[in-house]
A.B. asks: 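Quick one: the structure is below, questions incoming.
Just so we're on the same page: letters track the sequence lines, and every chain starts at 1. The structure displayed is predicted, hence computed values, not measured ones.
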2 protein chains.
Amino acid sequence: MLSKKTKYGLKALTFIARSTSSEPVQVGEIAKGEQIPQKFLESILLALRKAGILGSKKGKHGGYYLRKDPSEILMTEVMRVLEGPIAMVPCVSLNFYEKCDDCPDEAACSVHKLMIQVRDSTLEVFKNTTLKDLSDR
Amino acid sequence: MLSKKTKYGLKALTFIARSTSSEPVQVGEIAKGEQIPQKFLESILLALRKAGILGSKKGKHGGYYLRKDPSEILMTEVMRVLEGPIAMVPCVSLNFYEKCDDCPDEAACSVHKLMIQVRDSTLEVFKNTTLKDLSDR
DNA sequence: GCATTTCCTATTAAATTGGTAGGATTAGTA
DNA sequence: TACTAATCCTACCAATTTAATAGGAAATGC
């Protein structure tokens, strides 16, 4: 299940990408426009900034802005920041690999093989979708 | 993240599919062979039985058996029983559809479009994988 | 120097997950 | 018929995660 955090994060990024103003977009605006609890949204945007996807400016006329063109922001990157690993099990994760404690032999594990296929097909979608695709109507 | 329930369930089904005996497979055997807490496994197999994937026999020499040939048991069916909806958001779920409370217009929602693609690509994998594929080594 | 905004830490309530406990029910067998 | 071995069923519990809230520190612009 997609977390609210991710859902809110994607909506916020789309909102920012659609902004025509030259000034940064403020959390309050996004929260109001997308019906997201403001304080919760703050923490999400902060995470996106720490990951290098967003930039920010403090104080009056401050806010958040994209660090790259929407067409260069891949869903792989965004989803990993917001939702974490794309794989459904750590033992098939490319970026967050961890061995299962229970599985003696990964190559022989039936779940393993299936989850690799799911990972690859999901990855294919995220790799071919950018923020621009989301924000174009 | 894949739940332990699903992981255990898949391993148990594979175990049963690989059994050569003509007698049903007992929970205790599976629990021991796959390192799964027995009581937890009981509840999982019960769910699979109620969904019609497994059959059971009580008493001495009782246990669980497959209701269909492994090659006819699709992952779509199994995953829906164990993990629930395949879609990451209820508003794109084919079998468990629910409207989002926050989204005024589904067609315009940027998250919606992305999640439909993820659902379809995952579905494609599950639709083309059977229990036989998991249990073949 | 004051208002406005992001930034940071801590706390909390609710839901979910993973597992346990205990016994009822059913089927085979001596 | 009594006993044993298995599934079946209900309830409960602990740990974790999620979704949020609270309160203020730090920076910026006027």
A.B. asks: To the closest 0.5 Å, what do you measure between NE2 (B/H112) and CG (A/L10)?
C.D. replies: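 One gets 14.0 Å once the value is rounded to the nearest 0.5 Å.
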A.B. asks: Could you please spell out the steps behind the side-chain contact (heavy atoms from CB on, under 4.5 Å) verdict for B/C91 and B/E106?
C.D. replies: CA-CA 8 Å; B/C91 70; B/E106 255 178 33; 3.7 Å; yes
A.B. asks: Tell me which residues in residues 21-55 of chain A put a heavy atom below 4.0 Å from DNA chain D, sorted by number, or none.
C.D. replies: A/P37, A/K39, A/F40
A.B. asks: Which comes earlier along DNA chain D counting from the 5' end, the contact point of A/G59 or that of A/T6, where each point is its nearest nucleotide?
C.D. replies: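 Of the two residues, A/T6 wins.
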A.B. asks: Would A/R18 and A/T14 satisfy side-chain contact (heavy atoms from CB on, under 4.5 Å), going step by step from the backbone distance to the final call?
C.D. replies: CA-CA 6 Å; A/R18 282 177 181 164; A/T14 307; 3.7 Å; yes
A.B. asks: Which whole-number value in Å describes the distance from B/L2 CG to C/dT16 C1'?
C.D. replies: 15 Å
A.B. asks: For C/dC7, does OP1 or OP2 lie under 4.0 Å from any side-chain N or O of A/Y64?
C.D. replies: yes
A.B. asks: Going 5' to 3' along DNA chain D, between which two nucleotides do contacts with chain A fall, using a heavy-atom cut-off of 4.0 Å?
C.D. replies: D/dA19 to D/dC30
A.B. asks: How far apart are the C-alpha atoms of B/V78 and B/T6, what are their side-chain angles, what is the distance that settles it, and do they pass the side-chain contact (heavy atoms from CB on, under 4.5 Å) test?
C.D. replies: CA-CA 9 Å; B/V78 175; B/T6 303; over 6 Å; no
A.B. asks: Quick one, B/R80 and B/I86 - any side-chain contact, counting heavy atoms below 4.5 Å?
C.D. replies: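 Yes; the side chains approach each other to less than 4.5 Å.
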A.B. asks: How long is the line joining NZ of A/K60 and P of C/dT4, in whole Å?
C.D. replies: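 About 6 Å, once rounded to whole Å.
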A.B. asks: Please tell me whether A/E83 and A/S3 have a donor and an acceptor in their side chains that are separated by less than 3.5 angstrom.
C.D. replies: yes
A.B. asks: Hey, could you give me the CD/CG distance between B/Q38 and B/L45, rounded to the nearest 0.5 Å?
C.D. replies: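 So the CD of B/Q38 and the CG of B/L45 are separated by 10.0 Å.
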A.B. asks: Specify the separation, in whole Å, of atom NE2 of A/H61 and atom C1' of C/dA3.
C.D. replies: 11 Å
A.B. asks: Taking the side chain from A/R119 and the backbone from A/V92, do they hold a donor-acceptor pair closer than 3.5 Å?
C.D. replies: yes
A.B. asks: Take atom NZ of B/K7 and atom P of C/dG18, then tell me their distance rounded to the nearest Å.
C.D. replies: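 From B/K7 NZ to C/dG18 P: 11 Å.
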